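Computed from a predicted structure; not experimentally measured.
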Amino acid sequence: MDIKVKFFEDSFVEATGPGIYGIYFQTNTENKELLYVGESVFVLVRCATHLYEIVKGDGYLGFTKEIIERNNITLAFELLLSESDKKRRKAKEKEIIKGRHPKMQSEISDRVKSIEDMIKEMTNLLNNTAPI
């Protein structure tokens, strides 16, 4: 895997607790794009699971084996909000998804798109960035 990973660089300790997080994609030359918004009682652990699925290269969040071998991609995990109350956390997560339209999530609640659609979306992102 050649993609770079930023894992809660500014909020590592806070990410050990409950909250809402974002997963971002960025190439060397482009602004970052929000791929996914989620919530968890243990954000750091949940995001480690996301990273594990991405590294497999099976299309999770659009990342294939070929894409994870590119060296011009940075994947960033960021804590968006700390929130211990589950009801408020879930409501805020849905609000953020609705307002920010993460690339890999459908318009239905917090659901992700199909693997095929996520791969197409990632391909579109890569095609709209500068070459390696």
Exercise. Above 12 or not: heavy atoms from other molecules or residues under 6.0 Å from CG of D10?
Worked result: no
Exercise. Which atoms form the tightest heavy-atom contact between E39 and K90, and what is the distance?
Worked result: OE2-CD, 3.1 Å
Exercise. Looking only at heavy atoms, what is the nearest atom pair of R89 and P18, with distance?
Worked result: NH1-CB, 3.5 Å
For this session: Quick one: pull up CG in N71 and OG1 in T27 and give me the separation to the nearest 0.5 Å.
Result: 11.5 Å
For this session: If the plane angle is over 60° it's perpendicular, under 30° parallel, otherwise tilted; pick one for F8 and F77.
Result: tilted
Exercise. Taking all non-hydrogen atoms of both residues, which atom of L125 and which atom of E33 are closest, and how far apart?
Worked result: CD2-CG, 3.7 Å
Exercise. More than 12 heavy atoms of other residues, nucleotides or ligands under 6.0 Å from NZ of K98: is that the case?
Worked result: no
For this session: First locate atom CD1 of I96, then atom NE2 of H101, and finally report the distance between them rounded to the nearest 0.5 Å.
Result: 13.0 Å
Exercise. Are side-chain heavy atoms of V5 and I54 found at a separation under 4.5 Å?
Worked result: no
For this session: Starting at CG of L79, measure out to OG1 of T16 and round the result to the nearest 0.5 Å.
Result: 9.5 Å
Exercise. With a 4.5 Å heavy-atom cut-off, do I119 and T64 have their side chains touching?
Worked result: yes
For this session: Begin with the C-alpha distance, continue with both residues' side-chain angles, and end with the deciding distance and a verdict on side chain to side chain contact (heavy atoms under 4.5 Å, CB included) for L35 and E121.
Result: CA-CA 10 Å; L35 298 179; E121 190 71 51; over 6 Å; no
Problem set entry | E78 side chain near S11 side chain, heavy-atom distance below 4.5 Å | no
Exercise. Quick one: do V41 and Y36 end up in the same hydrophobic cluster if we chain Ile, Leu, Val, Met, Phe, Trp and Tyr together by side-chain heavy atoms under 4.5 Å apart?
Worked result: no
Exercise. Just wondering, do V112 and S106 contact through their side chains at under 4.5 Å, heavy atoms?
Worked result: no
Problem set entry | Exceeds 12 heavy-atom contacts within 6.0 angstrom, atom CZ of F7 | yes
For this session: Begin with the C-alpha distance, continue with both residues' side-chain angles, and end with the deciding distance and a verdict on side chain to side chain contact (heavy atoms under 4.5 Å, CB included) for Y21 and L81.
Result: CA-CA 7 Å; Y21 58 90; L81 177 71; over 6 Å; no
Problem set entry | Other residues, nucleotides, ligands: >12 heavy atoms within 6.0 Å of K4 NZ | yes
Exercise. Do L126 and T123 have side chains that get closer than 4.5 Å, going by heavy atoms?
Worked result: no
Exercise. With the threshold set at 4.0 Å, does a side-chain nitrogen-carboxylate oxygen contact exist between E83 and K92?
Worked result: no
Exercise. So do the side chains of M104 and V37 get within less than 4.5 Å of each other, counting heavy atoms only?
Worked result: no
Problem set entry | Stepwise side chain to side chain contact (heavy atoms under 4.5 Å, CB included) check, V43 with I20 | CA-CA 7 Å; V43 170; I20 301 166; over 6 Å; no
Seminar exercise, completed: To the nearest 0.5 Å, atom CD1 of I68 lies from atom CD of E66 at 9.0 Å
Seminar exercise, completed: Here the gap from L75 atom CG to I67 atom CD1, rounded to the nearest 0.5 Å, amounts to 11.5 Å
Exercise. Linking I/L/V/M/F/W/Y whenever any side-chain heavy atoms sit under 4.5 Å apart, do I23 and V45 land together?
Worked result: no
Problem set entry | Check: I73 and Q26 side chains under 4.5 Å, non-hydrogen atoms | no
For this session: Apply side chain to side chain contact (heavy atoms under 4.5 Å, CB included) to K56 and F63, showing your working.
Result: CA-CA 9 Å; K56 289 185 343 187; F63 288 90; over 6 Å; no
For this session: Report yes if the side chains of F25 and M122 come closer than 4.5 Å at any heavy-atom pair, otherwise no.
Result: yes
